Amino acid sequence: MKRLIYLGTIIGMIALVSCSKQDRSYYDHIKNGAIVYTGKAESLKAFSGNERVVLNWVLTSDQNITGCKIYWNFGADSLVMAVKKSLKPDTIKVSVNNLPEGSYNFEVFTFDKEGHTSIATEVIGNSYGLNFQSTLSNRPIRTSTKVTATNSINITWVGRDDKCLGTEWSYTGKDQQQKRYFSAQGDTTLISSCDLAKPVTYRTLFIPEMQAADTFYTAFKAL
């Protein structure tokens with residue numbers, strides 16, 4: 001019986017010491033006031049562009065938010081913007097410009113007028129430029145047939161490219177006015193009502209990624 005009482009006393013002392021340590025830890029945590037966080041950026045997305053990345057996110061209904069901070073290059077570069085919060089979630093769109101080609105990790109924080117910040121929201125975005133541009137060439141044409149009776153040109157293409165949006169055409173119409181025409185990527189293209197005696201040029205449009213912010217163009221080429 002004495003042994004049980006003695007063991008119980010030891011366990012009780014250990015519990016008191018443990019609780020005391022927890023209390024001190026909790027006190028150290030709140031002695032300067034409870035940590036306050038603003039609502040974080042939700043649904044953060046990055047859209048690749050021409051030497052830029054466009055960021056898009058949603059702010060919650062936290063009415064205390066007065067601005068947002070964006071960090072990249074491991075925190076070496078940053079952008080700060082003011083925000084006027086509405087009563088409902090707001091969509092924010094920001095273009096981070098002058099980015100050399102490469103992949104970037106972005107961190108977005110919100111903050112209030114008291115200096116409280118949110119936890120970070122992160123996303124990876126890619127910037128493209130001259131290196132990507134140098135890999136592009138006009139979509140290859142298999143056949144090009146002029147039909148005098150209908151003042152039209154029939155184009156048959158070679159293959160498809162996942163990054164190709166289509167082709168832009170420049171030609172003179174039957175009314176002798178300069179025309180621009182865009183044809184989406186397909187197996188064939190028909191250009192109608194054109195002056196077949198005048199030059200026809202074309203260029204191809206590309207995007208580096210799905211839903212990219214910017215479109216890249218090849219130089220115009222004579223048909």
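Atoms considered below: every heavy atom in the structure, side chains included; atoms not considered: hydrogens, waters and symmetry mates. Bear in mind the structure is a predicted one, so any value in this text is a computation, not a measurement.
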Polar contact flag, side-chain donor to acceptor under 3.5 angstrom, [X]-[Y]:
X      : Y      : value
Asn105 : Glu122 : yes
Glu42  : Thr121 : no
Ser95  : Asn97  : yes

Exercise for review: Can you sort out the partners of Asn98 under side-chain hydrogen bond (donor to acceptor under 3.5 Å, both in side chains), two or more places apart, ordered by chain and number?
Suggested key: none
In residues 202-211, what donor-acceptor pairs under 3.5 Å come from side-chain atoms, sequence neighbours left out?
{"residue": "Arg203", "atom": "NE", "partner": "Glu168", "partner atom": "OE1", "Å": "2.7"}
{"residue": "Arg203", "atom": "NH2", "partner": "Glu168", "partner atom": "OE1", "Å": "2.8"}
{"residue": "Thr204", "atom": "OG1", "partner": "Asn138", "partner atom": "OD1", "Å": "3.0"}
{"residue": "Thr204", "atom": "OG1", "partner": "Arg139", "partner atom": "N", "Å": "2.9"}
{"residue": "Glu209", "atom": "OE2", "partner": "Asn126", "partner atom": "ND2", "Å": "2.7"}
{"residue": "Glu209", "atom": "OE2", "partner": "Tyr128", "partner atom": "OH", "Å": "2.7"}

Distance in Å, [X] [atom1] paired with [Y] [atom2], rounded so as to fall on 0.5 Å steps:
X      : Y      : atom1 : atom2 : result
Lys113 : Thr38  : NZ    : OG1   : 14.0 Å
Lys221 : Ile141 : NZ    : CD1   : 7.0 Å
Asp112 : Tyr37  : CG    : OH    : 13.0 Å
Lys84  : Thr66  : NZ    : OG1   : 13.0 Å
Ile191 : Leu196 : CD1   : CG    : 10.0 Å
Cys164 : Leu136 : SG    : CG    : 9.5 Å

Review point. Should Asn154 and Thr188 count as side-chain neighbours, where that means a heavy-atom distance under 4.5 Å?
Key: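 No; the side chains remain at least 4.5 Å from each other.
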Review point. Would you say the side chain of Asp187 lies within less than 4.5 Å of the side chain of Trp157, judging by non-hydrogen atoms?
Key: no
Please name the pair of heavy atoms, one in [X] and one in [Y], separated by the smallest distance, quoted to 0.1 Å.
X      : Y      : value
Lys40  : Thr60  : O-CG2, 4.0 Å
Gly49  : Ala213 : CA-CB, 4.5 Å
Ser152 : Ser192 : CB-CA, 3.9 Å
Trp169 : Ser183 : NE1-OG, 3.0 Å
Pro89  : Val58  : CB-CG1, 3.9 Å
Lys69  : Thr117 : NZ-CG2, 4.5 Å

Point to revise | Transitive ILVMFWY side-chain link Ile153 to Tyr181, under 4.5 Å | key: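 Same cluster: Ile153 reaches Tyr181 through Ile, Leu, Val, Met, Phe, Trp or Tyr contacts under 4.5 Å.
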Donor-acceptor under 3.5 Å ([X] side chain, [Y] main chain):
X      : Y      : value
Thr156 : Thr143 : no
Glu101 : Leu130 : yes
Glu107 : Ala120 : no
Asp214 : Asn50  : yes

Practice item. Determine, step by step, whether Lys174 and Asp195 satisfy the side-chain contact (heavy atoms from CB on, under 4.5 Å) criterion, reporting the C-alpha distance in whole Å, the side-chain angles of both residues, the deciding distance to 0.1 Å, and the verdict. Key: CA-CA 5 Å; Lys174 285 182 61 179; Asp195 186 341; 5.8 Å; no
Exercise for review: Apply side-chain contact (heavy atoms from CB on, under 4.5 Å) to Ile155 and Leu223, showing your working.
Suggested key: CA-CA 10 Å; Ile155 310 294; Leu223 182 63; 4.1 Å; yes
Review point. Mind checking what makes side-chain contact (heavy atoms from CB on, under 4.5 Å) contact with Glu51, not counting sequence neighbours?
Key: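 Glu51 satisfies side-chain contact (heavy atoms from CB on, under 4.5 Å) with Ser127 only.
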Review point. Does the distance from a Lys or Arg side-chain N to an Asp or Glu carboxylate O, for Asp90 and Lys85, drop under 4.0 Å?
Key: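 Salt bridge: yes.
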Check your understanding: For Phe220, does the CZ atom sit with more than 12 other heavy atoms under 6.0 Å from it, leaving out its own atoms?
Key -> yes
Review point. Would you find more than 12 non-hydrogen atoms of other residues, nucleotides or ligands less than 6.0 Å from Phe74 atom CZ?
Key: no
Linked hydrophobic residues, [X] as query - side chain contacts closer than 4.5 Å:
X      : answer
Phe111 : Val80
Trp57  : Leu44, Val53, Leu55, Leu59, Ile65, Ile70, Trp72, Leu79, Met81, Val83, Ile92, Val94, Val96, Leu99, Tyr104, Phe106, Val108, Val123
Phe47  : Val54

